[in-house]
Amino acid sequence: MYWRATAALCLLTDLAGFVTELAASCTEGEQLAFADVQCDDGFALGALFRAQRLPSGNLSDPELVAEGTCVTPADLAAEAAREFATLPITPSPLHVQPPDGWTLINVETVTYTEDAAQDFETTLLGVPVVIRALPDEFAWDYGDGTTTVTEHPGAPYPANTVGHTYTAPGEVSISLTTTWRGQFQIAGTATWTDVPGTATTTTSTGPITVHEARTRLVEDPAG
């Protein structure tokens, strides 16, 4: 059995039955055998203790395997990159105007998404961290051979900035591929550190029918 805790053994509580024995070995005001690590920058990782199962079925007295240490963002960068590559990032939503599965040729079809960050809490090498996925680039495929890449998510009409004008009727599907970059933050600190690498997600619409609208002159029924 391994666990991490402050190296002040007399202060440990509720550890599989050692507590009474350990507490009894320390009198009030006794100087502790080990001091807890103090970190000016980074995360204080508690000392590593180990206890073994004895033939009697009881656990041995805990022994100190490694003293406490300070963990910095640089120590976690590689682990953060591996974790970022496996995050269940929710794909960016894909909004289309007109919204009802049809559009017209020679009229701009508006597309836009959202650029909200997504946070994930996890533990790296025993250190609690938050990994953040931030949308960095948006690749739009309009289904007729036209693609475009933007660094902004677009906006709905009338403030629209991303869209496409179809020139022929037919049926298309629009897709959006978002490229995400990562950052991580050690719990209890204010610094965000970039994560190497990127991740991508893709969202697609259902079939969209592109209509051709024609004008016709008709008689006035009112005469």
Side-chain angles (χ1 to χ4, degrees), residues 1-92 116-136 177-203:
M1 175 181 177
Y2 288 86
W3 74 95
R4 285 191 179 274
T6 172
L9 293 180
C10 299
L11 302 181
L12 297 178
T13 59
D14 195 23
L15 291 176
F18 326 127
V19 176
T20 302
E21 181 179 351
L22 288 172
S25 68
C26 298
T27 59
E28 184 176 355
E30 180 180 349
Q31 184 174 357
L32 300 176
F34 305 100
D36 197 13
V37 63
Q38 300 293 322
C39 300
D40 294 329
D41 181 26
F43 180 86
L45 195 62
L48 180 65
F49 293 93
R50 175 178 63 197
Q52 301 181 32
R53 183 70 62 182
L54 301 174
S56 65
N58 296 324
L59 289 171
S60 67
D61 290 338
E63 60 178 312
L64 182 66
V65 177
E67 294 186 1
T69 185
C70 293
V71 178
T72 68
D75 299 321
L76 301 177
E79 288 295 321
R82 280 190 282 270
E83 185 72 16
F84 178 71
T86 66
L87 291 180
I89 301 173
T90 301
S92 303
Q118 299 181 36
D119 288 352
F120 302 86
E121 295 182 358
T122 188
T123 301
L124 304 177
L125 302 180
V127 178
V129 302
V130 176
I131 298 181
R132 174 170 291 174
L134 301 107
D136 193 48
T177 298
T178 304
T179 299
W180 303 79
R181 62 184 177 88
Q183 296 179 325
F184 74 95
Q185 181 188 62
I186 296 176
T189 69
T191 302
W192 288 94
T193 302
D194 290 338
V195 174
T198 59
T200 59
T201 60
T202 299
T203 313

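When a residue number appears, it is its place in the shown sequence, counting from 1.
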TODO: Kindly compute the distance separating CH2 (W180) from CG (D136), expressed to the nearest 0.5 Å.
DONE: 10.5 Å
Task: Residue pair A116 / P135: nearest heavy atoms and the distance that separates them - done: O-CD, 3.7 Å
- [ ] Would you indicate whether the side-chain heavy atoms of T201 and T90 approach each other to under 4.5 Å?
- [x] no
Task: Heavy-atom pair with the smallest gap, counting every atom of T177 and T200 - done: CG2-CB, 4.3 Å
Task: Distance (rounded to the nearest 0.5 Å) between L76 CG and E83 CD - done: 11.5 Å
- [ ] Under the side chain to side chain donor-acceptor pair (under 3.5 Å) rule, collect the residues that match up with T203, sequence neighbours excluded.
- [x] none
Open item on the list: Show every salt bridge (charged side-chain N to carboxylate O under 4.0 Å, His left out) that has at least one partner inside residues 186-197, sequence neighbours left out.
Closed with: none
Open item on the list: Nearest 0.5 Å, please: how far is CZ in F184 from CZ in F84?
Closed with: 12.5 Å
Open item on the list: When you measure from the side chain of Q183 to the backbone of A133, do you find a donor-acceptor pair of N or O atoms at a distance under 3.5 Å?
Closed with: no
Open item on the list: When you measure from the side chain of S60 to the backbone of Q52, do you find a donor-acceptor pair of N or O atoms at a distance under 3.5 Å?
Closed with: yes
Open item on the list: For the CD1 atom of I131 and the CG atom of L87, what is their distance to the nearest 0.5 Å?
Closed with: 5.5 Å
Open item on the list: Could you check whether any side-chain heavy atom of I186 comes within less than 4.5 Å of a side-chain heavy atom of P73, counting everything from C-beta outward?
Closed with: yes
TODO: Please report the closest heavy-atom contact between W192 and V130, naming both atoms and the distance.
DONE: CZ3-O, 3.6 Å
TODO: Apply the test side-chain contact (heavy atoms from CB on, under 4.5 Å) to residues Q185 and T191: give CA-CA distance (whole Å), side-chain angles for both, the deciding distance (0.1 Å), then the verdict.
DONE: CA-CA 6 Å; Q185 181 188 62; T191 302; over 6 Å; no
Open item on the list: Measuring from atom OG1 of T193 to atom CZ of R132, what distance do you get when rounded to the nearest 0.5 angstrom?
Closed with: 12.5 Å
Task: Separation between CG of D75 and CG of L124, rounded to the nearest 0.5 Å - done: 11.5 Å
